[in-house]
2 protein chains.
Amino acid sequence: MLLDTETHANGSSEESLSRAERRDIQIKRILEAAKTCFVRSGFQGASMHQICAEVGMSPGALYRYFPSKEAIIAAIAEADRKHDAEMFALIEQAPSIFEGIIACAMAHIRHTHLDGNAAMFTEIRAESMRNELVRDTCLQCMMDVENDFRVHLERAIEAGEIDPVVPLESLLGILMSIGEGIAINDLPSRNITFDEIETALRVSLGALLRPRDNAIATRT
Amino acid sequence: MLLDTETHANGSSEESLSRAERRDIQIKRILEAAKTCFVRSGFQGASMHQICAEVGMSPGALYRYFPSKEAIIAAIAEADRKHDAEMFALIEQAPSIFEGIIACAMAHIRHTHLDGNAAMFTEIRAESMRNELVRDTCLQCMMDVENDFRVHLERAIEAGEIDPVVPLESLLGILMSIGEGIAINDLPSRNITFDEIETALRVSLGALLRPRDNAIATRT
DNA sequence: TCTCAAAGAGCGAACGTTCATTCTCAAATT
DNA sequence: AATTTGAGAATGAACGTTCGCTCTTTGAGA
């Protein structure tokens with residue numbers, strides 16, 4: 001019986017992958033391992049050797065996939081912020097702008113609560129204060145999200161659906177800040193329930209936005 | 001003409017300082033220079049040689065004042081958090097708990113807006129996720145502040161001065177998070193005025209706390 | 001008031017280590 | 001045969017820290 005070269009074999013778990021597919025898998029493995037290391041030691045604190053050890057790969061091999069440590073950092077920062085941006089697209093599907101904002105905020109908070117996401121998030125923010133590449137990535141994503149929000153908020157204001165207590169631009173900044181503050185502090189890890197957070201958000205954002213029909217609180 | 005040894009001379013600008021005083025001055029200079037470097041490059045990114053260059057001091061000299069780089073980081077983190085804690089003592093002097101909280105939050109936001117304070121703050125937070133010394137310092141200060149707040153809030157709740165929509169512990173976490181979120185995002189640098197921020201805070205925290213007499217907004 | 005040993009402050013070269021990255025070469029895949 | 005993938009030793013730079021040294025300040029005894 002001749003063993004097929006895996007190119008056109010089948011049945012087993014990891015065969016018949018094209019070069020490009022194998023490459024993608026390796027890249028994903030590297031990014032995942034790097035994230036683990038970065039959460040543990042920070043961008044500057046984690047060494048390439050540690051990342052190599054975590055992937056189970058030699059430096060020579062790793063450098064075939066990423067040209068530098070900074071490239072890995074940039075890739076991670078970009079992936080993380082892209083994920084955030086996609087999450088904020090939730091606002092599209094909501095029945096009202098108020099519900100949309102609450103949904104976005106809660107999704108963000110739930111996601112940041114997972115794994116080392118709060119630490120990674122904090123690290124990215126800190127790095128963005130000095131690393132130009134990371135800063136640009138963050139700024140770009142933030143702008144995308146804010147632009148999205150701006151359009152929706154503007155439309156809702158004109159339609160009389162909400163009547164915010166501060167001008168649009170200030171409102172944008174404040175909404176983002178509140179969401180981010182609760183997210184990075186990872187309140188659920190301090191035994192504050194998602195329900196309580198949602199209640200607080202509904203009440204405070206409700207007061208800020210003043211939606212027409214006052215269906216704000218889920219409970220008193 | 002004999003030049004006086006500065007010990008008992010006078011008239012010039014920097015004379016007749018005791019050893020201890022000179023030492024304190026040098027320590028302050030080092031901390032200041034280190035802060036500049038840390039804001040520029042992060043805790044891990046800034047090297048001792050860079051700090052030496054910034055102070056205008058050799059490594060040998062610098063190590064007479066601090067036994068290690070981590071000791072400098074710890075000193076900076078502690079000073080920063082202590083300053084925050086002192087600021088939060090503003091709550092004592094306010095006419096009501098609501099006004100006290102608003103005053104604390106605004107003071108915090110104003111302070112974070114100065115110099116590189118937002119960057120430093122972010123860096124300290126990131127470092128506290130992995131450096132035990134920094135974590136303990138942060139936790140200790142946060143606990144001090146929260147304990148202070150807890151006492152006041154509890155008293156105000158029992159007196160019927162406020163009627164928060166969420167339980168005390170959750171309220172504490174949420175208030176802190178909102179303040180911190182606005183602070184580290186440094187909204188004033190994005191042309192959002194202090195007045196607008198204060199209005200937003202009054203409205204949203206007002207809705208959260210529900211103070212008895214509804215004198216919340218400074219303006220509509 | 002003067003002298004002098006002790007202590008403190010500062011310098012800058014040098015230490016051993018670790019870093020990100022590169023090089024050379026072998027194995028595997030096409 | 002040609003190309004891709006991988007290993008792992010090697011590279012030079014940079015790191016935090018220490019060392020041996022000089023110069024200055026200090027304070028007690030003469």
Side-chain angles (χ1 to χ4, degrees), chain A residues 2-9 12 14-30 33-34 37-38 40-76 127 131 133, chain B residues 2-9 12 14-30 33-34 37-38 40-76 127 131 133:
Chain A
L2 295 168
L3 287 170
D4 276 324
T5 65
E6 294 187 333
T7 320
H8 49 81
S12 178
E14 44 169 58
E15 84 296 354
S16 73
L17 295 170
S18 76
R19 271 244 221 281
E21 283 169 327
R22 275 179 190 282
R23 210 182 154 74
D24 282 353
I25 288 174
Q26 293 292 60
I27 287 178
K28 263 189 199 118
R29 287 211 312 134
I30 292 169
C37 291
F38 289 150
R40 190 193 302 134
S41 321
F43 286 139
Q44 319 227 41
S47 75
M48 289 300 262
H49 282 276
Q50 283 167 4
I51 298 174
C52 287
E54 186 77 30
V55 209
M57 200 182 247
S58 66
L62 196 151
Y63 270 87
R64 286 199 179 275
Y65 295 94
F66 289 94
S68 68
K69 186 182 176 183
E70 195 174 22
I72 299 182
I73 295 175
I76 286 190
E127 186 68 13
N131 182 325
L133 236 133
Chain B
L2 296 167
L3 290 170
D4 276 324
T5 64
E6 293 188 334
T7 319
H8 48 84
S12 177
E14 44 169 60
E15 84 296 348
S16 71
L17 293 170
S18 74
R19 270 247 222 279
E21 284 169 326
R22 278 178 188 281
R23 213 182 150 74
D24 282 354
I25 288 174
Q26 293 292 62
I27 285 178
K28 264 189 199 120
R29 288 211 311 133
I30 292 170
C37 292
F38 289 150
R40 192 194 299 134
S41 319
F43 286 138
Q44 320 228 40
S47 76
M48 289 300 261
H49 285 275
Q50 282 168 3
I51 297 174
C52 287
E54 187 77 29
V55 209
M57 201 182 245
S58 66
L62 197 150
Y63 271 87
R64 284 197 179 277
Y65 296 94
F66 290 93
S68 68
K69 186 182 176 183
E70 194 173 24
I72 300 182
I73 295 175
I76 286 190
E127 187 68 13
N131 182 325
L133 237 133

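For the numbers below, each heavy atom of this structure counts, side chains included, while hydrogens, waters and symmetry mates do not. First the proteins, then the strands, lettered A, B, ... as listed; each starts at 1. Only a predicted model underlies this, so the values are computations on that prediction, with no experimental measurement involved.
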To the nearest angstrom, how far is A:Ile72 atom CD1 from C:dA20 atom P? 10 Å
Here the distance between atom P of C:dT18 and atom CE of B:Met48, to the nearest Å, is 18 Å
At their closest point, which heavy atom of B:Ser58 faces which heavy atom of B:Cys52, and how far apart are they? C-SG, 3.9 Å
Using every non-hydrogen atom in the two residues, find where B:Phe66 and B:Ala75 come nearest and quote the distance to one decimal. CE2-CB, 4.1 Å
So if I take the C1' atoms of five pairs at each end of the helix from C:dT1-D:dA30 to C:dT30-D:dA1 and get each local axis, what angle do the two axes make, rounded to 10 degrees? 0°
Is there a side-chain contact between A:Ile72 and A:Met48 (heavy atoms, below 4.5 Å)? yes
Pairwise side-chain contact, B:Glu54 with B:His49, heavy-atom cut-off 4.5 Å (strictly under): no
Counting only side-chain N and O atoms of A:Arg19, is one of them less than 4.0 Å from OP1 or OP2 of C:dT29? no
Tell me whether the side-chain N/O atoms of A:Gln26 come closer than 4.0 Å to OP1 or OP2 in D:dG6. yes
Find out whether A:Lys69 and A:Phe43 are in side-chain contact, i.e. whether some heavy atom of one side chain is under 4.5 Å from a heavy atom of the other. no
Atom-to-atom span, CZ of B:Arg23 to P of D:dT25 - whole angstrom: 17 Å
Does any non-hydrogen side-chain atom of B:Met57 lie less than 4.5 Å from one of B:Ile51? no
Residue pair B:Ser68 / B:Tyr63: nearest heavy atoms and the distance that separates them: CA-CE2, 4.1 Å
Euclidean distance, B:Cys37 SG relative to B:Ile30 CD1, rounded to 0.5 Å: 12.0 Å
Counting the atoms with a prime plus P, OP1 and OP2 as sugar-phosphate, which does A:Ala46 contact under 4.0 Å by heavy atoms, base, sugar-phosphate, or nothing? sugar-phosphate
How long is the line joining CD of B:Gln44 and C1' of C:dT18, in whole Å? 14 Å
Atom pair distance, as rounded to whole Å: NE2 in B:His49 and C1' in C:dA14: 10 Å
Within residues 53-67 of chain B, which residues have any heavy atom lying less than 4.0 Å from an atom of DNA chain D? B:Pro59, B:Gly60, B:Tyr63
Dump the intermediate steps for side chain to side chain donor-acceptor pair (under 3.5 Å) on A:Gln26 and A:Arg29, then the final yes or no. CA-CA 5 Å; A:Gln26 293 292 60; A:Arg29 287 211 312 134; 3.0 Å; yes
Spacing between A:Lys69 atom NZ and C:dT22 atom P, to the nearest angstrom: 15 Å
Atom CD of B:Glu21 and atom P of C:dG8: how far apart are they, to the nearest Å? 17 Å
Within this structure, what is the CD1-to-C1' distance between B:Ile51 and D:dT17, rounded to whole angstrom? 13 Å
